[in-house]
Amino acid sequence: MKMTFRWYGKDDPVTLDEIRQIPGMTGVVTAVYDVPPGQVWPKESIQELKEEIQKHHLTMEVIESVPVHEDIKLGRGRYKEYIENYKENIRRLAEAGVKCICYNFMPVFDWTRSRLNQTLKDGSNALVYYKEDVDKMDPLKMSLPGWDASYGPEEMAELIEAYQKLGEEGLWKNLEYFIREIIPTAIDCDVYMGIHPDDPPWPVFGIPRIITNEKNIDRFLKIYDDKHHGLTLCSGSLGCSLDNDIPALIRKYGAENRICFAHVRNIKVLEDGSFEESSHLSKDGSLDMAEIMKAYHDVGFEGYVRPDHGRMIWGEQGRPGYGLYDRALGAAYINGIWETLEKMSDRDSRY
Ligand code: DNO
């Protein structure tokens with residue numbers, strides 16, 4: 001595996017110097033942030049980003065995300081033009097040495113939480129999803145950091161209605177069209193496209209979400225039978241639904257060579273199905289992180305990994321879920337498990 005860390009560019013309070021000092025860090029996962037969804041990223045911006053990262057002896061081989069314009073997901077308006085722009089972005093990123101692109105197909109809202117700074121028992125602050133809060137939330141009157149903030153309330157209301165009308169099957173149809181269009185470009189450029197599962201893996205605000213479980217992931221992967229059409233397997237997103245057996249999914253899709261990027265984090269699922277983002281440590285949450293890393297190890301995973309959301313600890317203030325300290329602890333923990341697995345398998349192979 002290749003350990004990486006998400007970096008939000010020059011405005012990120014976490015610096016490349018700091019990231020560089022995390023043991024085992026090989027590269028950052030980033031994006032050009034000042035171009036609206038649907039548009040082509042200027043070559044100069046890509047180049048500048050890459051040079052800045054390389055100056056710090058880190059690589060820029062993973063982009064998260066190249067956002068998919070809502071017109072593409074809705075199959076309306078300027079979707080054909082936006083798909084052409086998407087292909088051009090794949091080409092431009094490949095030219096700059098990018099090997100893997102993470103994206104998602106969640107209608108309007110990316111990850112959804114009800115509180116961004118819930119104090120946990122140990123005094124740290126975390127992102128949480130409490131079902132009873134979400135039931136009372138009005139997406140027209142709020143915005144979360146992962147969401148596209150460029151829509152006003154009227155546009156948002158129109159979008160939500162359009163997705164409600166489109167329904168699950170309509171969304172599948174548009175996803176299939178998009179995949180059939182872009183994957184040939186990804187193959188030509190030798191870039192791995194890894195879709196991020198829906199977070200959480202169930203419909204929110206009455207609009208469909210489809211990358212949620214094994215059955216749907218099987219359907220998704222069948223759209224195009226090629227290893228460049230794959231997954232960003234996010235343990236914390238799929239893991240919110242305890243029906244998703246994360247190590248089993250890793251073994252299955254890893255053996256088929258369909259995981260290009262691993263997001264590794266833990267969550268604590270509560271009795272009513274709500275969840276809190278815990279530290280990465282297995283016993284703090286509901287997922288068995290050693291088993292998750294063992295599954296990656298057993299399938300000989302050589303792709304990119306990043307610790308995912310962290311809590312805010314030690315008084316850190318920063319971008320929700322993306323501070324330095326807890327994610328760095330997550331990386332160290334993942335590296336520790338991996339080193340043990342390497343040594344044990346090495347020892348076993350000698351006897
Ligand atoms: C949350 C992230 C997601 C992810 C996108 C990928 O923190 O994992 O926002 O970047 O869904 O397109």
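Both counts, for ligands and for their atoms, begin at 1 and track the order of listing. These figures come from a predicted structure and were not determined experimentally.
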State yes or no: are the ring centers of His228 and Tyr192 separated by less than 6.0 Å?
yes
Which ligand 1 atoms does His263 reach within 4.0 Å, using its non-hydrogen atoms?
8 (O)
In the protein, which heavy atom is nearest to atom 4 (C) of ligand 1, and how far is it?
Glu64 OE2, 3.3 Å
Which is closest to atom 2 (C) of ligand 1 by heavy-atom distance: Glu277, Arg6, Arg319?
Arg6
Taking the basic N atoms (NZ, or NE/NH1/NH2) and the acidic carboxylate oxygens, is any pair closer than 4.0 Å for Glu158 and Arg76?
yes
Suppose I only count heavy atoms of Met106 and a 4.0 Å limit; which atoms of ligand 1 are within that range?
11 (O)
For Ser65, atoms of ligand 1 separated by under 4.0 Å from a heavy atom
5 (C), 6 (C), 10 (O), 12 (O)
I'd like to know if Glu95 pairs up with Arg92 as an ion pair, taking the criterion as any Lys NZ or Arg NE/NH1/NH2 lying under 4.0 Å from an Asp or Glu carboxylate oxygen.
no
Hey, can you tell me if Tyr224 and His229 have their rings parallel, tilted or perpendicular (30° and 60° cut-offs)?
perpendicular
Out of all atoms in ligand 1, which are within 4.0 Å of some heavy atom of His309? Include the element for each.
1 (C), 7 (O)
Atom 8 (O) of ligand 1 - nearest protein heavy atom and its distance
His196 NE2, 3.1 Å
When you look for heavy atoms under 4.0 Å from ligand 1, do you find them on the side chain of Tyr103, its backbone, both, or neither?
backbone
Heavy-atom distances under 4.0 Å are what count here, so tell me which part of Asp110 touches ligand 1: side chain, backbone, both or neither.
side chain
